[in-house]
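Let me begin by presenting the structure, written as structure tokens, before commenting on it.
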Protein chains: 2
Amino acid sequence: MARVTIQHVAQAAGVSPSTVSNFLNDRQGRMVAATRTRIETAIAELGYRPNRAARQLRNGKTQTVGLVVPSVGNPFWGAFAHEVEVAALALGCSVLLCNSERDPERERRYVEELWEDGVRSIILCTSLPSLDHVSQVIKEGLRLVTFDRPAQPHDPESVVSISIDNNVGGQVATAHLLELGHTRIAFVSGSIRSVNRSARYRGYCDAIEAAGLSVADMPHWTGLDADLFGDVEAAEVGRAAAKDLFADPATAPTAVVAINDMTALGFCRGLRDLGLKVGRDVSVIGFDDIILADLYDPPLTSVRQPITRMAQLAVSEAVERGSNESTDPGSSVLLRAELVVRESTARLA
Amino acid sequence: MARVTIQHVAQAAGVSPSTVSNFLNDRQGRMVAATRTRIETAIAELGYRPNRAARQLRNGKTQTVGLVVPSVGNPFWGAFAHEVEVAALALGCSVLLCNSERDPERERRYVEELWEDGVRSIILCTSLPSLDHVSQVIKEGLRLVTFDRPAQPHDPESVVSISIDNNVGGQVATAHLLELGHTRIAFVSGSIRSVNRSARYRGYCDAIEAAGLSVADMPHWTGLDADLFGDVEAAEVGRAAAKDLFADPATAPTAVVAINDMTALGFCRGLRDLGLKVGRDVSVIGFDDIILADLYDPPLTSVRQPITRMAQLAVSEAVERGSNESTDPGSSVLLRAELVVRESTARLA
DNA sequence: TATGGTCAGTGCATCGTTACACCGATTTCA
DNA sequence: TGAAATCGGTGTAACGATGCACTGACCATA
């Protein structure tokens, strides 16, 4: 069961390995139709599949897309990773998965390792304000697509960003609560040092101000030192927030915008611990619209990210840009987030 | 910024590339301590990292573990994939992720592609009764670790299986409900053609019979043609089951064992649609203990799979067995599942 | 009939690492 | 003391695919 190499194909087709190589690499203009078909049938009959390692060694590239997410343990990232894999498969690539745990140092290490292993396209799900930690590799030619992190002024030119418009998302979520008559609306998040989180927060602030209210008057949760919290623990943030915000009923909010669905669900759980009922006593809205938002009791209102479309965009940017050695400047795509209203938000009694 | 190769290291250390290679491949017995340290410092100073492609081309192997899961979009598999990645990282390997969508043909294709790309160890999360579709590759030397699928009589000898004892799990879950006074207990699942599912079902039956009851008397849900349902749709199965089982109140169950947490949550959602309250009106128990089980309202009783430990076991079997070319027969590890009692199960009123 | 230009395809060096055969210098031991 | 074994290490030929420089054969033009 020895491996079928390009030589075997060449022999079977009665040509030289070089010609087969030309065939494989779309330099087919340089050969007569008959040769082309002879090679084609030889490949089919022998079941030849090019050896990746050899290819990569020769030209220093892979057909692999690197995917760095905070943690696939989190349902949102799991779902996104899944979509990425599907999209990559459609384009004939495989996906190398890395969990950064939101640790910049791990992000850097993964990106560099991937680069040195010949991966030329990486989808990096980060929300760090700066890309300094990977800029060296970008200079060397890495195609970087960031996800969930809109472009920032000092980003390297070639970077492509795919993200929802978090500011608008924050506004839509908050406006929804305002329309329901709520005037004491809290924003619950771990650290908002990340760009997407602060954008959501700004959207929240904008909507509050636009309604003639003052952010300063809103119940405020300063939070735990959120750097302690990875993604899986996002729920704990929500739970802790509920406990703190409702410690004094006089200052408690009637509605809450949570930074994501996991935090929202944790918050709901915290309310339950306090004997409060989501929807009836307190309105809660999350972000992401993970699959569990709809399953929850009560079903969670959420700002949906169109992850299927985003994954497709990210992969095609990563793969297609990677194929031509273009150095045209990157782009920044901000998709519109969609409000999905369910039962966790209700008119103020 | 040219690549640092083994030659550069050799030159810097004043030895031949072969010696550096020997050093790297733990044939250090064949060299004097001084040489060893010279190589070590040279590597550190130059920041040398061996080129994977070249290594792989040379000896036909990778340091990569293949992971084939049904879908990382499902929180359980996402969490498992995460644990696998962590465990692999600790052993210096990377993980190539594939989603089979529970399609045997995709499973086969992925396994073969991985094999041909030099991956020699694969963790396959399948629950197909037979491994015929990948047996060819196993014969050629693939180290296969199956997860969530205990060993079957006709499995190739070298296969290692890691799984919980689903039969016992099914019994424990059912016994818990029986102890709470329930006598009308339904089992809800999509297709139980898979080995783990049927084991859970047998455990359920065993417990029923052991209590002096008859499975035939239990409310039964024949289900949709469950092959239509991927993992993400597991919740839909639960939802549909709730609707059907409670169509006639006279024959409705008072408690339900769901095949996994997603289905259990879907079932809870279905109950809610019907105006029934989980815990109070109907007891529901799931499998897996995904992170959302604890967040749900009410928190879901579940049979926990110790995924961290299982992932570690799977990776170490895959990697360590892969390193020595042993052909010793595989093993089958059945871990004990742990019942986590929460509020979705309650004493029969 | 020279000259030059296409066209279709080939030969060869090369990517970075590794296994194996080999080599000179000591050491061992009968 | 001489033959063999051991030690510490080196030289070289691969692994499979690629792309550049090249070669004949053929055609067109002057």
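Letters A, B, ... mirror the listed sequences (proteins, then strands); counts begin at 1. Computation of the quantities below employed the complete heavy-atom set of this structure, encompassing side-chain atoms and omitting hydrogens, waters and symmetry-equivalent molecules.
In terms of phosphate contacts, B:R3 brings no side-chain nitrogen or oxygen within less than 4.0 Å of OP1 or OP2 of C:dG16. Listed pair A:T19 / C:dG9 fails the phosphate criterion, with no side-chain N or O lying under 4.0 Å from OP1 or OP2. Between A:S21 and the phosphate of D:dA17, there is no side-chain N or O to OP1/OP2 separation shorter than 4.0 Å. Regarding contacts with the backbone of C:dG9, every side-chain N or O of A:N22 stays at 4.0 angstrom or more from both OP1 and OP2.
Between the C1' atom of C:dG16 and the CG atom of A:L57 lies a distance of 6 Å, rounded to the nearest Å. The interatomic distance linking B:N25 (CG) with D:dG9 (P) rounds to 16 Å, in whole Å. C:dG9 atom P lies 8 Å from atom CD1 of A:I39, rounded to whole Å. In this entry the distance linking NZ of A:K61 with P of D:dT18 reads 12 Å, nearest Å. Between A:Q7 atom CD and C:dC12 atom C1' there is a gap of 13 Å when expressed in whole angstrom units. What separates CZ of B:R38 from C1' of D:dG9 is a distance of 11 Å, to the nearest Å. Taking atom CD1 of residue B:I6 and atom C1' of nucleotide D:dG9, one finds them 14 Å apart after rounding to whole Å. If you take NE2 of B:H8 and C1' of C:dT17, they are 14 Å apart, rounded to a whole angstrom.
Side-chain polar atoms of A:S21 and A:R58 form no donor-acceptor pair below 3.5 angstrom. Between the side chains of B:R149 and B:S194, no donor-acceptor pair is found at a separation under 3.5 Å.
Nucleic acid contact class of B:T5 (heavy atoms, under 4.0 Å, all strands): sugar-phosphate only. Here A:V15 lies in heavy-atom contact (under 4.0 Å) with sugar-phosphate atoms only. No contact: B:Q56 has no heavy atom under 4.0 Å from any strand.
The base of D:dT18 sits within donor-acceptor range of the side chain of A:R58, with an N or O pair under 3.5 Å. Residue-to-nucleotide contacts include no donor-acceptor pair under 3.5 Å from the side chain of A:S18 to the base of C:dG9.
Toward the 5' end of DNA chain D, the nearer of the two residues A:A54 and B:T35, judged by each one's closest nucleotide, is B:T35.
Of the candidates A:T19, A:I43, A:V15, A:L24, A:V9 forms a side-chain contact (heavy atoms from CB on, under 4.5 Å) with just one, namely A:I43.
Note: B:W77 and B:F80 have perpendicular aromatic rings, judged against thresholds of 30 and 60 degrees for the angle between ring planes.
The side chain of A:M31 sits closest to C:dG9 out of D:dG19, C:dT18, C:dG9. Which of D:dG9, D:dT18, C:dT10 sits closest to the side chain of A:S16 comes down to C:dT10.
The heavy-atom pair separating B:V65 from B:C93 by the smallest distance is CG2-CB, 4.2 Å.
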